[in-house]
Chemist: 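Before anything else, here's the structure in question.
Quick caveat: nothing in here was measured; it's all calculated off a predicted structure. All residue numbers refer to positions in the sequence shown, counting from 1.
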Amino acid sequence: MGEAHTAVFDRLSAPTRRVVVRGAESRLGWRVMTALSGSAESLEVRSLDDAIFGNPGDTSTFEGLRSGGASVETAVIVDVALGDHDALAVRRESVTEGAADLLAHAEMLGVQHLVVVSSAMVYGAYANNPLPITEAAVLRPDPEFVFARQLAAVEGLIEEWRRSRPGRSVTMLRPAIPIASDGTSTLAGALAAAYGYRYGESDPGTQFVHLDDVASAVRIAVEQQLDGVYNVAPDGFIPGDRVRALSGHGMRLPLAERVAEVLLALQWRFQRGPIPPGLRSYTRETWVIANDKLRATGWEPTVTNEQAYVEGTDASWWSMITPQRRQELALGGLAAAIVAAAGVGFSLYRYWRKTRLRGS
């Protein structure tokens, strides 16, 4: 039997691993479901509700779901709900409450591995942050931003769950600002809008990761059963001046720090500004993360920081074009306008000639 046939036989005869996705109804959730359904591994992918209540749901529509009569064990819970600020706000649920539900479901289903999507915001944004921040950094979320503070605390609870029984493992994914044309959360949108909006101050460099790339990181975490913390971000970052250019905001008059802080708080209160309380530090200082550890697993980003930013916000595509290309397009447009004007002039001249000949 050839090696290729042997590999296929081994895959089909291997027990199917059931992957349960908590938060499958979200924009990131259905991307994760789709990414996992296309895995080369023998996986059965279900939403958490389907796994608990036994409803078939819509998972049968995903190509790649395979059981083939093999034994099925619920081996992994993927949680994309803990880091979903909008969903938590709708449910009026704290991150801590969500974590309690996650761990209860893990006990109920008897899983040994969790994949959790947290946020790089747990590192905090400080002037003395290393550039970039690695997974070994101490967590220092802004104490005024409850969401980030709770995420950091919940990561500790999940680590305690991992250590409480031999054989358990956890993949903790910490993405940069997640964004997409159809999946930018209110929180991500506020952060994206806040850059380039400061009063006469320089902006820090920043990162934006596409939801598709976060989903592919989840797929690799499930397939390889990764154990540990992994940052999720494209290569590099967008410099502050480039962020301002992409955002379309011009430099503003410098204001005293306290005055600017009060003004921004009032703007948010009356829905006329992008920065909610507690987020300001994340727009003032850098919290750029390294992606080397995740890249070493074979993961590769498919969307750059700038591409993700432009897709996930209302930034103009024109801002993505290099100055040389803009000049070329402008000259091309000028040439086209001249040709069009010449055509109109010639048509008017012909019309005038015909009118004159008829009159004579």
Chemist: Charged N to carboxylate O under 4.0 angstrom, Arg27 versus Asp84?
Modeler: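 No, this pair does not count.
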Chemist: Salt bridge (Lys or Arg N to Asp or Glu O under 4.0 Å) with Asp79: which residues, sequence neighbours excluded?
Modeler: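 Salt bridge (Lys or Arg N to Asp or Glu O under 4.0 Å) check on Asp79 returns Arg22.
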Chemist: Under the rule for ring pair (Phe, Tyr, Trp, His ring centres under 6.0 Å), what residues qualify as partners of His113, not counting sequence neighbours?
Modeler: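 None.
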Chemist: For Leu131, what are the other residues in its hydrophobic cluster, where any two members join if their side-chain heavy atoms are less than 4.5 angstrom apart?
Modeler: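 Members besides Leu131, by chain and number: Phe237, Val288.
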Chemist: Among all residues two or more places apart in sequence or in another chain, which pass the salt bridge (Lys or Arg N to Asp or Glu O under 4.0 Å) test with Arg140?
Modeler: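 Per chain and number, Arg140 pairs via salt bridge (Lys or Arg N to Asp or Glu O under 4.0 Å) with no residue.
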Chemist: Can you name the residues that form a side chain to side chain contact (heavy atoms under 4.5 Å, CB included) with Asp213, not counting sequence neighbours?
Modeler: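 Only Val209, His210, Ser216, Trp299, Pro301, Thr302, Val303 meet the side chain to side chain contact (heavy atoms under 4.5 Å, CB included) criterion with Asp213.
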Chemist: Any salt bridge (charged side-chain N to carboxylate O under 4.0 Å, His left out) involving residues 107-129? Give me the pairs, sequence neighbours left out, ordered by first then second residue.
Modeler: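 Found Glu107-Arg168.
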Chemist: Going by side chain to side chain contact (heavy atoms under 4.5 Å, CB included), name the residues that satisfy it together with Gln150, two or more places apart in sequence or in a different chain.
Modeler: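 Side chain to side chain contact (heavy atoms under 4.5 Å, CB included) list for Gln150, sorted by chain: Ser94, Val95, Thr96, Val146.
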Chemist: Residues in salt bridge (Lys or Arg N to Asp or Glu O under 4.0 Å) with Glu159, at least two apart?
Modeler: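 Partners of Glu159 by the salt bridge (Lys or Arg N to Asp or Glu O under 4.0 Å) criterion, ordered by chain and then number, come out as Arg162, Arg163.
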Chemist: Which residues satisfy the side chain to side chain contact (heavy atoms under 4.5 Å, CB included) test with Asp142, sequence neighbours excluded?
Modeler: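 Asp142 satisfies side chain to side chain contact (heavy atoms under 4.5 Å, CB included) with Glu144, Phe145, Ser281, Tyr282 only.
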Chemist: Can you list every pair that meets salt bridge (charged side-chain N to carboxylate O under 4.0 Å, His left out) and has a residue in residues 293-302, with sequence neighbours left out?
Modeler: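 Listed by first then second residue: Asp235-Arg295.
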Chemist: If the condition is side-chain hydrogen bond (donor to acceptor under 3.5 Å, both in side chains), which residues does Glu93 pass it with, not counting sequence neighbours?
Modeler: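 Counting only residues at least two positions away or on another chain, Glu93 forms a side-chain hydrogen bond (donor to acceptor under 3.5 Å, both in side chains) with Arg91.
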Chemist: Does any pair with a residue in residues 164-183 pass ring-ring contact (aromatic ring centres under 6.0 Å, His included), and if so which ones, sequence neighbours excluded?
Modeler: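 Residue pairs passing ring-ring contact (aromatic ring centres under 6.0 Å, His included), neighbours aside: none found.
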